[in-house]
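To find a chain, count down the sequence lines: A is the first, B the second, and so on, and within it residues start at 1. All values reported here derive from a predicted model rather than from experimental measurement.
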Number of protein chains: 2
Amino acid sequence: MANSASGDSVVDRIVRVIEAFPEGVTSLQLSELADRAGLPLSSAHRLVRQLSEHGLLDVGAGGTVRLGLRLWELVNRNSPTLALRQAAMPFMEDIQQVLNQNVNLAVLDGWEALFVERLSRRGSVANRARIAGRMPVHISSAGLALMSHQPRELQAEYLEQFADPSGKVTADVVRQFLAEAAQQGYAQLAGVVDPDTWGIAVPVMNAKRRTVAALGVVVPLAEMRLQALVPALQTAARGIGRQLGD
Amino acid sequence: MANSASGDSVVDRIVRVIEAFPEGVTSLQLSELADRAGLPLSSAHRLVRQLSEHGLLDVGAGGTVRLGLRLWELVNRNSPTLALRQAAMPFMEDIQQVLNQNVNLAVLDGWEALFVERLSRRGSVANRARIAGRMPVHISSAGLALMSHQPRELQAEYLEQFADPSGKVTADVVRQFLAEAAQQGYAQLAGVVDPDTWGIAVPVMNAKRRTVAALGVVVPLAEMRLQALVPALQTAARGIGRQLGD
DNA sequence: ACACGTTCTACCATTGAATGGAAGCTTGTG
DNA sequence: CACAAGCTTCCATTCAATGGTAGAACGTGT
């Protein structure tokens, strides 16, 4: 028993604490947190207290631990996607108003689309894309739009390692999807994510024509108005791109 | 020179690193970061590398440090205000559509309103409230709406320590504002935050009738339709409150 | 009212992870 | 090509971090 018997640094432990919260869960009992983070209770207790003193965590009555409001504030104030979101928001609002549909904005992280912003419409179709949620590239229109406009090497690397756990999709099918999306300038998936919905997404390119995000909508399957949707999305995407730097 | 010459823990240092980013700044040079965080360069370097290995920070070419996408994701997935924001979003969208104005949602943190969500309208009046931005209680309608519905003791404590750095407002004026807001059920400020805008906010109460948030709009000064705005906001606030637990 | 289980909090001797100065490296500039 | 500025690596020193243990604070069933 000494400075970290398990051989991990303080940083490792702090990360484990923050990562211990399952998706969508905002509060955890101390003992459960210790368990999930793989820390001795007394160590977890000390760490949580220290973090909460700085507002990175909040400890409620009875040892209920939440992420701190201050952490949320710091991260969102200086978020790496701040510029992108600020540039995109007005255009997303336009799309939402004009097309009257769910709109979302995603970036590529690893082999997944990470949704950084989303506007939903009351009463409109279900939209699986939660803010800060992820979807694999091959089953999301946003993911396909992003990947289809990445450099060849990255696409090759992606397809190389591709494996669908459910076994429904092969690398060749994905290759086909990507080729289509690249050629058409947009990606679409009907009834894949949700049987009754249809997703369309277009790439958002920065000044150097690097694809940095995907702008997409989710509409009811019945309402297939590609002719109206795609140009609107592409126009918005160009508008966003124009506001982006590097 | 040993384990922390300056007598601060690793946790302290990590917090200082994250806090080192000034509001709205998304990237910092390593040396500048070390400087702002008050750390020796080599220590900052080690810490940044460790954090970036876990994705809490991203280090770009040439030592450019940003907050990590993974950190943003974790914090937003498990944000303490997740439930509030989810409950509020549809109502905020309704307000935005029907009233055609900027809408925002704030919580009380310390003696400030912390804005947790915001929908802006293209071309509509300037809205100072940034997401994750703060405004002092006494110069924001959201702040007044929040504070005016807090328990007596908290209000007393607030007024006790109140001091306006600009010296324009006295504690008595604020007391008056709070009393009005409490009595009317909404707070309003015309031309205070911005000379041409007008802010109105109402409290959002949870099931136990504790005020947990403020729902507000920012409209052009000219467009003073209190009769239309307040009932709409109050209706929405009740709708949000009904969806909230504790 | 009492005993038991569960969960949080506090203590403190031990020790290896964290520290930071110095030296090396890389990049940009006149 | 020399110089500056900033990033990266190294490593002996040492105290901050560790976690088993004990105890306090609840909650619950008998």
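Looking at A:Val174, A:Leu178, A:Val137 one by one, the single match for side chain to side chain contact (heavy atoms under 4.5 Å, CB included) with A:Ser148 turns out to be A:Leu178.
Per the geometry, CG belonging to A:Asp8 stands 8 Å off P belonging to D:dT18, to the nearest Å. The separation between A:Leu47 atom CG and C:dT9 atom P is 14 Å, rounded to whole Å. Rounded to whole angstrom, the span from the CG atom of B:Leu39 across to the C1' atom of D:dG6 amounts to 17 Å. When rounded to the nearest whole Å, the span between CD1 of A:Ile14 and C1' of C:dA17 equals 14 Å. Rounded to a whole Å, the CG atom of B:Asp35 is 15 Å from the C1' atom of D:dC7. Across the protein-nucleic acid pair, A:Gln50 atom CD and C:dA10 atom P stand 13 Å apart, rounded to whole Å. Here the C1' atom of nucleotide C:dT7 and the CZ atom of A:Arg36 are 18 Å apart, to the nearest Å.
Listed nucleotides: D:dT18, D:dC7, C:dC8. Nearest to the side chain of B:Ser31: D:dC7. Of the candidate nucleotides C:dT7, C:dT19, D:dG19, D:dG19 has the atom nearest to the side chain of A:Ser43. For B:Arg46, taking side-chain heavy atoms from C-beta onward, the closest of the listed nucleotides D:dG19, C:dA18, D:dC7 is C:dA18. Checking C:dT19, D:dT21, D:dT18 against the side-chain heavy atoms of A:Ser42 singles out D:dT21 as nearest. Nearest nucleotide to the side chain of A:Leu41, out of D:dA17, C:dT9, C:dG20: C:dT9.
Taking a cutoff of 4.0 Å between a charged side-chain nitrogen and a carboxylate oxygen, B:Asp109 and A:Arg70 do not qualify as a salt bridge.
Of the two residues contacting DNA chain C, namely A:Gly63 and A:Val11, the nearest-nucleotide position lying further toward the 5' end is that of A:Gly63.
By the 30° and 60° cut-offs, the orientation of the rings of A:His138 relative to A:Phe162 is perpendicular.
Side-chain N/O atoms of A:His45 include one lying less than 4.0 angstrom from OP1 or OP2 on C:dT9. Between A:Arg13 and D:dG19, a side-chain N or O to OP1/OP2 separation shorter than 4.0 Å is present. Taking 4.0 angstrom as the limit, A:Gln29 places none of its side-chain polar atoms (N or O) nearer than this to OP1 or OP2 of C:dT7.
B:Gln150 places a side-chain N or O within donor-acceptor distance of the main-chain N or O of B:Leu146, the cut-off being under 3.5 Å.
Within the nucleic acid shown, B:Arg49 has no heavy atom closer than 4.0 Å to any nucleic acid atom.
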Using atom types as modelled, flag every donor-acceptor pair under 3.5 Å from a side chain in residues 32-47 of chain A to any protein atom, sequence neighbours excluded.
residue : atom : partner : partner atom : Å
A:Arg36 : NE   : A:Ala20 : O            : 3.0
A:Ser43 : OG   : A:Arg46 : NH2          : 3.4

